[in-house]
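First listed ligand is number 1; within each ligand, the first listed atom is number 1.
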Amino acid sequence: MNDQPRIAVIITAAGASRRMGGVKKEYRALDGRHDAAGKPLTVIGASFLAFAAVPGVDAIVITYPPAPAGTGGSGYGHGAPAHGEEALRAALPAIPDRASPALITVPGGETRRESVHRALEALAARDGPAPGAVLIHDGARPWVDRDLIERVTGAALRHGAAIPLSPLSETPKEHEGGFIKTHLKRDRIGAAQTPQAFIWPDILEAHRAAHRAAQSAAQQTADGENRYTDDAEVWGIYGGAAAIVPGSPRNRKITFPEDLAAPGAERDGEGGVPRVGTGRDIHPLVAGRRFLLGGVVIPFTRGEAGHSDGDALTHAVIDALLGAAAAGDIGELFPDRDARYRDADSMELLKTAWRAVRARGFTLGNLDCVVICEAPKILPWREHIRASLALALETDAARIFVKGKTNEGFGQTGQGRAVETLATALLFAKNS
Ligand code: MG
């Protein structure tokens, strides 16, 4: 389970956001959430955090708009929109420590294809082992989640390329000259989402071929190259067929200012009767298992044994949330004698439990957690764990805290044979 392939991510944010009234949509504050440092979370920041929390992601390339023609490529004049590299860096949340994936910023090109090509060349120029897969994502889709990221990556590793496709709610028609030309069958048509995933170096080669074709087309005709709208289209011509995985209805693209509100999420911490809950868990640490805390894989010689994936922190969090809502406990909801929960992804169990708690009218005040183990150190991973839990609970990382303690050599935990976790959750009951 430790030999998962390295994943590189490209997030595109080099466009002009014309339908947002000229304000660059990727840099705008999103749905009132904050990052772990208390800074408002931006659209691009939420995308970045979603990928940074996924195990195996070791590099994230983000494109930003190229400097306008006539500025010598050096930047923006007074009064010009601040869309350059500095503005991009300011829009990203603080992920401070050495455990973070490498962040690479790249000026985009005139077209989306050119921007992605430049980002791929930046990955090719990087030292170190090559990625197994590259995910290419629209910076304006901040609600992408780990489940979709892992499904599309898995399908790409099996088939060479994969994209999320979502069903259409309205009936598509092909038209020409103001009249319907073709009645299309809705069940055979879908809308492409991102991230789109491709194996390396094949996606680099496909984009290099598209780049060469664009250069010769530009020499021959005034209007230049074919304008690709996504990477699956480039892949379709120079790579092969892309497999499909079901898209996520939450993974909407922000196009208009009113899209910035969270899809269906209630605002957290906004009054009601306070309710507190406690969770506690312990798992043996054994060789040959992943060490998982809050959905984050922490490199270590041992990991948690367990019927599920063994994520002891997530289990304590589930019990704290269920306990505060007086809605049962983890063993009742997800019995470990049930084969369905063998090797279960605990973050999916957490999302299921939190949906059930929310459905009873609760919102989250805050969540505080303790992880007790002799090794490894938790601090370098703290921001990742906070971000990962915040994504699962659809809340601010600022509402969540995690700290590590040792057991000073006492007992099983002190001898490094177990990890213990504690969680306290404060909820507010809306309906009481
Ligand atoms: Mg457990």
**OP:** Flag the pair D187 and K185 as a salt bridge only when some basic side-chain nitrogen lies within less than 4.0 angstrom of an acidic carboxylate oxygen.
**Re:** no
Subject >> Count, waters excluded, of protein N, O or S atoms under 2.8 Å from the Mg ion (ligand 1) >> reply: 3
Can you give me every donor-acceptor pair (side chain of residues 132-139, partner residue at least two apart or in another chain, under 3.5 Å) with its distance?
from	atom 1	to	atom 2	distance (Å)
H137	ND1	T194	OG1	2.8
H137	NE2	R141	O	2.9
D138	OD2	R141	NE	3.4

**OP:** For the pair E121 and R208, find out whether any cationic side-chain nitrogen is under 4.0 Å from an anionic carboxylate oxygen.
**Re:** yes
Original post:
Among all residues two or more places apart in sequence or in another chain, which pass the ring-ring contact (aromatic ring centres under 6.0 Å, His included) test with H207?
Top reply: none
Original post:
Would you call R89 and E86 a salt bridge, using N to O less than 4.0 angstrom?
Top reply: no
**OP:** Sort and list the pairs that fulfil side chain to side chain donor-acceptor pair (under 3.5 Å) and have at least one residue in residues 151-165, not counting sequence neighbours.
**Re:** D147-R151
